[in-house]
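Keep in mind it's a predicted model, so treat the numbers as computed, not measured.
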Amino acid sequence: MAEILTVLTTTSSQEEAKTLAAEAIARRLAACAQLNGPVTSLYRWEGAVQDDPEWQLLFKTSAARYDALEAYLREAHPYDVPEIIATPVVRGSADYLRWVEEETRPSQQS
């Protein structure tokens with residue numbers, strides 16, 4: 001079975017999150033994405049502490065599709081420096097992980 005990853009990013013609106021998720025799924029870069037929000041993000045940017053509402057996206061993808069997913073997010077994301085963090089799935093339902101692998105195969109164009 002292929003290595004499966006979850007990939008986290010954040011956006012400033014629900015609409016941006018839905019757009020990024022829908023296109024990633026349409027391109028088979030991810031099998032699915034979950035949107036959570038709004039969440040509050042505190043961070044330092046350009047010398048000042050920021051306190052902003054954001055929406056989190058959690059993509060499920062195969063390790064083989066990670067580079068393409070990251071490239072898409074870098075291209076399409078509205079942030080100058082988007083958060084893109086991949087975490088390996090160390091255990092999970094075999095049926096679900098197989099589904100993620102199948103849905104992210106580039107040869108299955110729809």
Side-chain angles (χ1 to χ4, degrees):
M1 187 173 300
E3 181 183 1
I4 303 300
L5 305 172
T6 59
V7 179
L8 176 71
T9 194
T10 54
T11 65
S12 62
S13 73
Q14 183 179 24
E15 294 76 26
E16 287 174 352
K18 283 183 176 181
T19 298
L20 288 172
E23 186 61 23
I25 292 165
R27 294 181 185 200
R28 294 194 173 273
L29 302 175
C32 67
Q34 294 170 319
L35 286 63
N36 297 300
V39 298
T40 300
S41 292
L42 290 109
Y43 56 97
R44 184 177 307 279
W45 183 251
E46 297 180 345
V49 175
Q50 307 295 318
D51 180 345
D52 294 314
E54 290 189 303
W55 285 79
Q56 290 181 326
L57 285 91
L58 187 62
F59 296 96
K60 282 51 164 246
T61 193
S62 63
R65 296 297 278 159
Y66 174 79
D67 289 340
L69 177 59
E70 180 182 342
Y72 161 70
L73 290 173
R74 288 182 176 279
E75 165 198 316
H77 205 290
Y79 290 3
D80 292 339
V81 182
E83 172 184 22
I84 304 171
I85 298 174
T87 305
V89 174
V90 295
R91 293 187 67 160
S93 159
D95 292 339
Y96 181 80
L97 300 179
R98 190 174 310 106
W99 174 79
V100 171
E101 179 183 7
E102 289 169 2
E103 290 302 312
T104 57
R105 283 192 190 128
S107 62
Q108 292 185 355
Q109 298 297 321
S110 39

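Between atom OH of residue Y72 and atom CZ of residue R27 there is a gap of 6.0 Å, rounded to the nearest 0.5 Å. Atom CH2 in W99 sits 8.0 Å away from atom NZ in K60 (nearest 0.5 Å). To the nearest 0.5 Å, atoms CG (L29) and OG1 (T104) are separated by 9.0 Å. Atom CG of residue L97 and atom CD of residue E3 lie 11.0 Å apart, to the nearest 0.5 angstrom. In this structure, T10 OG1 and D52 CG are separated by 10.0 Å, a value rounded to the nearest 0.5 Å. Here the straight-line distance linking atom CG of L5 with atom CZ of R65 works out to 12.5 Å at 0.5 Å rounding.
Residues Q34 and F59 have side chains not in contact (no heavy-atom distance under 4.5 Å, counting atoms from C-beta outward). A heavy-atom distance below 4.5 Å is not found between the side chains of S41 and Q50.
At a cut-off of 3.5 Å, with distance as the only test, a side-chain donor of S12 or E16 sits close to an acceptor on the other residue.
The only member of V100, T87, I85, T61 that meets side chain to side chain contact (heavy atoms under 4.5 Å, CB included) when paired with T6 is T87. Each of T9, V7, I84 was scored for a side chain to side chain contact (heavy atoms under 4.5 Å, CB included) with L69, with one residue passing: V7.
Summarising the geometry of A86 relative to Y66, their closest heavy-atom pair is CB-CE1, 3.6 Å, with the distance given to 0.1 Å. In plain terms, the two heavy atoms of S62 and I4 that are nearest each other are CA-CD1, 4.1 Å. When all heavy atoms of R105 and R28 are compared, the pair lying nearest together is O-CD, 3.4 Å. In plain terms, the two heavy atoms of L20 and A76 that are nearest each other are CD2-CB, 3.8 Å. Closest approach of Y79 to T11, counting heavy atoms only: OH-C, 3.1 Å.
Side-chain heavy atoms closer than 4.5 Å link hydrophobic residues (I, L, V, M, F, W, Y) into clusters, and following such links, even through other members, never connects L73 to W55.
Ion pair E70/R74 flagged as a salt bridge, since at least one NZ, NE, NH1 or NH2 atom sits closer than 4.0 Å to an Asp/Glu carboxylate oxygen.
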Q | side-chain contact (heavy atoms from CB on, under 4.5 Å) between Q56 and L35, intermediate numbers included | A | CA-CA 6 Å; Q56 290 181 326; L35 286 63; over 6 Å; no

Q) Can you list the steps and then say if L57 with L8 is a side-chain contact (heavy atoms from CB on, under 4.5 Å)? A) CA-CA 6 Å; L57 285 91; L8 176 71; over 6 Å; no

